[in-house]
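Everything numeric here is computed off the predicted structure, so don't read it as measured data.
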Amino acid sequence: MEKEIVCRHNVMNINSLDTFLNIRGGFNGNRRDVYFVRALGCSPDIETKILAADQRMGVTMRGGTLFYTRVRLPSPLISQEDMEFYASQFEELRRKHRLYVRNQNKDERFGRVLGAACLETMEKYRLSRKNITETIEKNFVVKLLYWTDYVLGESLADWNERKCFKILVENVQKEQEYLLCYMLTMLGCDVLVLECQKDISAMDLLKGLSGEFTLGAFNSALQLPEYRPFEPDEGCIKDFKQEGKSVVSNRTAGGSEKNFEELALLASSIVMIAVYNRENDLIATGSGIMIGRNGYILTNYHVTRGGCFFAVRIEDDENIYKTQEIIKYNSVLDLAVIRIDRQLKPLPVYRGKGLVRGQKVVAIGSPLGMFNSVSDGIISGFRKIDMVDMIQFTAPISHGSSGGAVLNMQGEVIGISTAGIDEGQNINLAVNYEDIRMFVMGFTG
């Protein structure tokens with residue numbers, strides 16, 4: 001039977017807490033990219049970083065496309081009523097290969113996805129157990145369902161395969177708990193296990209289901225602060241932005257316009273990207289937009305495609321920043337995020353209610369390797385190319401401008417230069433701000 005969702009695990013390397021929180025797995029057809037990672041040990045500032053992550057992800061959750069939580073799995077002290085419900089689901093799994101939990105018992109597609117995930121998890125469990133009985137399997141499934149309800153809670157009410165779930169689980173030591181984390185990834189969740197005290201003791205085949213990176217030495221006495229869901233009011237969000245922890249603008253249309261000289265100064269937030277192959281040969285150049293303070297740069301997927309590493313140049317900076325980090329990509333939208341080891345000055349992404357034909361725009365990029373050229377024009381139309389909404393604009397661009405910014409007169413990113421039609425004069429296309437905003441969500445902090 002064909003799976004409803006096929007999960008690819010850890011297609012990108014996760015080497016830090018920030019990378020895990022910021023990365024968003026792609027979804028194409030019925031294939032979902034998910035991440036399952038163990039963070040080993042603890043850094044001296046681990047508590048501060050975790051509390052900051054709780055706060056930042058709490059703000060991001062207000063957008064409705066993300067669910068975040070940090071949990072310690074409880075002992076499964078299950079009421080008789082819940083035990084009967086979960087036990088009945090075990091029989092449903094055997095007969096119809098589908099399952100439900102308390103917080104999601106209506107969506108048939110979810111039932112099939114959960115059933116497939118549970119069956120695959122049971123196969124992994126059998127690898128570490130000899131002479132497993134039906135009773136042991138039943139008890140295992142009951143625990144999995146109970147924990148799924150506990151971890152995901154009411155967020156399951158509007159579950160869908162495109163929603164992003166970020167789960168931090170603390171100090172997992174038992175195989176059943178570890179396999180619960182694995183099963184959650186097959187529901188579309190990204191799971192990071194914080195192994196601050198010691199790593200799980202399990203057979204290599206099971207440990208190999210997750211990636212790992214080291215935060216520091218183990219501390220058997222460390223207890224992280226209890227997780228408290230962060231629900232900011234509007235004033236708190238305003239303060240959060242002013243502190244520089246989020247740069248995506250919440251303004252609707254109507255901000256003050258800048259003149260061309262002021263807009264040209266924003267070129268300092270546009271980079272030039274040189275693309276090299278494995279033989280260290282330069283194979284392409286393109287542009288990129290700073291979208292996150294911690295080194296995150298948005299560009300086109302076709303700029304990065306085929307590259308082994310990238311050399312990034314920033315205006316008024318003599319250094320060249322080399323990186324192999326492609327944090328996220330989407331070949332359909334032609335978008336990618338790379339990361340360099342430098343603090344950046346990001347541009348805000350437009351959050352207005354729409355664009356209009358004839359609206360003035362400014363394009364900034366590096367056409368033909370000419371660093372950060374600025375041109376002006378207007379929006380001349382709106383097109384759908386290969387099912388992707390595109391902005392057609394007249395500001396001149398050339399090869400090498402791909403990945404550059406298209407700005408409104410307030411200096412906000414309304415598009416990313418993606419293509420020009422060689423046979424036409426000033427017929428240029430950009431991926432629109434709505435797709436950009438969804439794609440970079442989580443990287444802008």
Side-chain angles (χ1 to χ4, degrees), residues 9-25 33-61 63 66-73 151 164-173 177-178 181-182 184-185 188-200 207 209-219 222-230 240 243-247 291-297 323-328 337-344 346 440-445:
H9 285 78
N10 300 333
V11 295
M12 298 290 181
N13 183 43
I14 304 295
N15 55 17
S16 70
L17 175 62
D18 282 342
T19 302
F20 172 80
L21 294 175
N22 289 329
I23 200 164
R24 294 290 186 271
D33 292 341
V34 294
Y35 295 87
F36 182 25
V37 190
R38 305 187 323 281
L40 307 181
C42 52
S43 58
D45 58 349
I46 183 65
E47 294 187 22
T48 300
K49 286 186 174 180
I50 290 295
L51 291 175
D54 291 348
Q55 186 178 36
R56 176 159 61 90
M57 299 302 282
V59 172
T60 306
M61 280 177 66
L66 168 76
F67 172 79
Y68 168 85
T69 191
R70 177 166 58 86
V71 298
R72 302 168 188 161
L73 293 178
V151 173
C164 182
F165 294 81
K166 293 287 183 182
I167 316 295
L168 271 57
V169 186
E170 299 177 20
N171 292 318
V172 170
Q173 296 301 307
E177 297 173 344
Y178 179 76
C181 297
Y182 177 72
L184 291 177
T185 67
C189 302
D190 297 330
V191 180
L192 177 67
V193 180
L194 293 165
E195 300 286 44
C196 297
Q197 298 179 354
K198 65 177 181 178
D199 197 10
I200 185 173
K207 290 180 74 171
L209 296 174
S210 60
E212 64 177 63
F213 64 91
T214 300
L215 288 174
F218 290 112
N219 183 346
L222 178 68
Q223 286 287 345
L224 293 173
E226 182 180 352
Y227 173 67
R228 298 184 183 277
F230 182 70
F240 200 69
E243 290 174 7
K245 297 177 182 176
S246 177
V247 297
I291 51 90
R293 295 187 185 279
N294 295 322
Y296 297 105
I297 296 169
T323 181
Q324 294 179 306
E325 284 192 83
I326 302 178
I327 302 299
K328 179 181 181 181
V337 172
I338 65 174
R339 183 181 180 278
I340 63 173
D341 187 17
R342 185 188 192 273
Q343 288 293 295
L344 304 179
V440 303
M441 184 175 293
F443 293 95
T444 54

Item to complete: Under the side-chain contact (heavy atoms from CB on, under 4.5 Å) rule, what do Val34 and Leu184 come out as? Steps first, then yes or no, please.
Response: CA-CA 10 Å; Val34 294; Leu184 291 177; over 6 Å; no

Discussion item. Please determine whether side-chain contact (heavy atoms from CB on, under 4.5 Å) holds for the pair Leu73 and Glu177, giving the CA-CA distance in whole Å, both sets of side-chain angles, and the decisive distance to 0.1 Å.
Written reply: CA-CA 7 Å; Leu73 293 178; Glu177 297 173 344; 3.6 Å; yes

Discussion item. Walk me through whether Phe213 and Ile14 qualify under side-chain contact (heavy atoms from CB on, under 4.5 Å).
Written reply: CA-CA 7 Å; Phe213 64 91; Ile14 304 295; 4.0 Å; yes

Discussion item. Walk me through whether Asn15 and Glu325 qualify under side-chain contact (heavy atoms from CB on, under 4.5 Å).
Written reply: CA-CA 10 Å; Asn15 55 17; Glu325 284 192 83; 4.2 Å; yes

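Considering only heavy atoms from C-beta on, Cys181 comes within 4.5 Å of Val169 through its side chain. Looking at Ile46 and Leu224, their side chains come closer than 4.5 Å, going by heavy atoms from C-beta outward. Side-chain contact between Leu168 and Tyr227 is absent, with no heavy atoms from C-beta onward closer than 4.5 Å. Residues Asp190 and Leu192 are not in side-chain contact: their nearest non-hydrogen atoms beyond the backbone lie 4.5 Å or more apart. With a 4.5 Å cut-off on side-chain heavy atoms, Arg56 and Asn22 count as touching. Between Val172 and Leu194 there is no side-chain heavy-atom pair separated by less than 4.5 Å.
The minimum heavy-atom distance linking Ile200 with Gln173 is given by the pair CG1-O, 3.6 Å. Val337 approaches Tyr296 most closely through the heavy-atom pair CG1-CD2, 4.0 Å. Shortest non-hydrogen contact noted between Thr185 and His9 is OG1-NE2, 2.8 Å. Residues Met12 and Ile327 share a closest heavy-atom pair of CG-O, 3.7 Å. Closest approach of Asn219 and Cys42 over heavy atoms only: CB-SG, 3.8 Å. Asn294 approaches Gln343 most closely through the heavy-atom pair OD1-NE2, 3.1 Å.
Within the model, atoms CG of Leu66 and SG of Cys164 stand 5.0 Å from one another, a figure rounded to the nearest 0.5 Å. To the nearest 0.5 Å, atoms OG (Ser43) and CG (Leu215) are separated by 5.5 Å.
Evaluation of the side chain to side chain donor-acceptor pair (under 3.5 Å) rule for Thr214 yields no partner, not counting sequence neighbours. A search for ring-ring contact (aromatic ring centres under 6.0 Å, His included) contacts involving Phe20 returns nothing, not counting sequence neighbours. With sequence neighbours left out, the side-chain contact (heavy atoms from CB on, under 4.5 Å) criterion links Asn171 to Glu195, Cys196, Gln197. In this structure Glu47 satisfies the salt bridge (charged side-chain N to carboxylate O under 4.0 Å, His left out) test with no other residue, sequence neighbours excluded. Every residue two or more places apart in sequence or in another chain that forms a salt bridge (charged side-chain N to carboxylate O under 4.0 Å, His left out) with Arg38 is listed here: Asp199, Glu212. Among residues two or more places apart in sequence or in another chain, the side-chain contact (heavy atoms from CB on, under 4.5 Å) test is passed with Glu226 by Arg228. Lys328 meets the salt bridge (charged side-chain N to carboxylate O under 4.0 Å, His left out) test with no other residue; sequence neighbours excluded. Remark: Phe67 engages Phe165 in a ring-ring contact (aromatic ring centres under 6.0 Å, His included) (not counting sequence neighbours). Taking Tyr35 as the reference, nothing meets the ring-ring contact (aromatic ring centres under 6.0 Å, His included) condition, with sequence neighbours excluded. Judged as a side chain to side chain donor-acceptor pair (under 3.5 Å), and not counting sequence neighbours, Asn10 has no contacts. Applying the side-chain contact (heavy atoms from CB on, under 4.5 Å) test to Leu344 and every residue at least two apart in sequence or in another chain returns Met290, Ile297, Ile314, Ile340, Arg342. With sequence neighbours left out, Glu170 forms a side chain to side chain donor-acceptor pair (under 3.5 Å) with Arg70, Arg72.
In this structure, Tyr178 contributes its side chain and Lys207 its backbone to a donor-acceptor pair below 3.5 Å. Looking only at distances, no side-chain donor or acceptor of Arg293 sits under 3.5 Å from a matching main-chain atom of Pro346.
Tyr182 and Phe36 have tilted rings, their planes meeting at an angle from 30° to 60° on a 0 to 90° scale.
Around CG of Asp341, the count of heavy atoms belonging to other residues, nucleotides or ligands within 6.0 Å does not exceed 12.
Using modelled atom types and a 3.5 Å distance limit, the side chains of Ser16 and Asp18 yield no donor-acceptor pair.
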